[in-house]
Amino acid sequence: MPKQIPLVDTDIHERVQYQELLEYLDEPFKHYIQNCHWIQEKHMPYTQPSVAGVDRADAVIPDGRPAGSDLAFMQEQLLDDIGHEFGILTGALDPSPSSMHGWHEMAVALASAYNDWQIDKWLDKDERLYGSVHVAAQDRDEAVKEIERVGTHPKMVQVLLPIDDIMWGDPYYHPIFEAAEKHNLMIGMHHNEPPVYYGKWPRYFIEWHTLIPTAHMKQVTNMIFNGVFEKFPNLGMIMIEGGFTFIPHMMWKMDQQYRDLRHEVPWLKRKPSDVMKEHVRFCTQPSEELNKKDFMSLIEQMGTDEMICFATDYPHWDYDSPHRALPNLDPKLKKKIYFENAKNFYPKIPDTKER
Amino acid sequence: MKEQVVCKTTDIQPGEMMESYFGKQNVLICRTPDGEFYAFMNQCNHQGAPLHRGMICGATTDQSEPGEYHYCHKGEILRCPWHGREFDIKNEGRMLANPDKKIPSFNIRIEDEKVIVYK
Ligand code: FES
């Protein structure tokens, strides 16, 4: 990535340590973290079989705190080093209020505390960083209230919904989309721990990680056929950390199904691929190693070069380097993928940062 | 011939590694458990991660049957701090998953306590 091309990094994981949330939490919830050692439920049998688990081994904070937990270190290792124009914070999915199976009151409290912490410690501290509204979406009405409460913050650009075992296109969740649309917020979907094997987990992490795109495909299919984008024409959705090489397949498959079976979903007024082109964006990371010819052929199959947005996924182990992850593309296309596509997608991101 | 002392033998214990410089070139000096020294370019050939921030470990062998782990080559495998690719220190820095790819290496010799990289 030459220096003259600005970058909007669409996936940066800032991490909270639970102790930091205490000042933003009320009782009785504070007590459960402070004295009862509450931690977010986890489901998978494995850890990430890399050098240091979920994070890049070189992203641990020098004082031993976990990667992504310190703004100054993130500035040094990522934002200043690469020269980001903008970066979108997507949380570390821990806590992930919308992933909790029960105790939704705690989830609601955590979402608010997390948003306040995020605004305070990150969004208000670095002009390049933009944020995601965390909600406890299972409690739809509380989620709407939270969007109303913090969605107006000038640097909140999307509502984050984790991909686990809830399909978000269900009409029950539509008030969340209505609130997001009202505040010019997009929907960011990022997998947490989706059980990609018929509701369970495969034997090996490598299988699960290979199949993450299938979890993303399910959500896109679900949102489109449930008519979310017909109902909320100004809403957009970005699929974070699922990659992009499956896009042409999805477009062809959904269009063909639509031609045959539209009868079942009469509220869908347009070809699914047209809905995708207008409303859905995909982060490039984790990118497969494509050569330029294969990359360009994929773009041609998508029929548009405006659907994919570059993401690093910093500080995770499967980080994509802006300099090395994609083949050497023509400058005009590069500018779209690294900057313009994301910039055009998020209505609240300015043209350039104030200097 | 260009040569340079990059560290002392006592700077690196067997099974450990450190970064150094050979001229302007950032290099990685590895010492395997048998006491031998090796020098590589300190940059992963995948996306350029600084290899000294990874780890030296063993391999789960290529001889394994499904469901079997045989931990071997302990202290001879370099793993990248980012995507975890494994490189065989004693086999020219070749990547385990694709031995056609390797981390570029440098000549190295020991004189007294000096570890010398040369071209
Ligand atoms: S940069 Fe080393 S494995 Fe990717």
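Note that this is a predicted model, so its numbers are computed, not measured. Side chains are part of it too, since the values below use all heavy atoms of this structure and drop only hydrogens, waters and symmetry mates. The chains referred to below are lettered A, B, ... by the order of the sequence lines, with proteins before strands, and numbering in each begins at 1.
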Requested in this report: Would you check, one step at a time, whether the test side-chain hydrogen bond (donor to acceptor under 3.5 Å, both in side chains) holds for A/Asp320 with B/Gln47?
Outcome: CA-CA 8 Å; A/Asp320 264 350; B/Gln47 289 195 23; 3.0 Å; yes

Query - Option in A/Ala325, A/Pro49, A/Ala57, A/Pro286 with maximal non-hydrogen atom pairs under 4.5 Å from chain B - result: A/Ala57

Query - chain B contact via A/Gln48 - which portion, at a heavy-atom distance below 4.5 Å - result: neither

Query raised in the report: Taking every heavy-atom pair that is under 4.5 Å apart, which of B/Gly48, B/Ala49, B/Cys57, B/Gly54 has the most such pairs with chain A?
Result: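 Answer, by heavy-atom pair count under 4.5 Å with chain A: B/Gly48.
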
Requested in this report: Determine, for A/Arg128 against A/Asp80, whether the closest basic-nitrogen to carboxylate-oxygen distance falls under 4.0 angstrom.
Outcome: yes

Query - Ion pair check, A/Glu306 and A/Lys332, cut-off under 4.0 Å - result: no

Query - Interface moiety of B/His52 toward chain A, non-hydrogen atoms closer than 4.5 Å - result: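 Neither; nothing under 4.5 Å.
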
Query - Region of B/Cys80 that comes under 4.5 Å of a non-hydrogen atom in chain A - result: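 Backbone of B/Cys80 only, per the 4.5 Å heavy-atom cut-off to chain A.
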
**Report entry** Within 6.0 angstrom of A/Arg65 CZ, more than 12 heavy atoms from elsewhere
**Finding:**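 Counting neighbours around CZ of A/Arg65, more than 12 heavy atoms of other residues, nucleotides or ligands fall under 6.0 Å, so yes.
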
Report task. Decide if the gap between the ring center of A/His190 and the ring center of A/His13 is smaller than 6.0 angstrom. Result -> yes

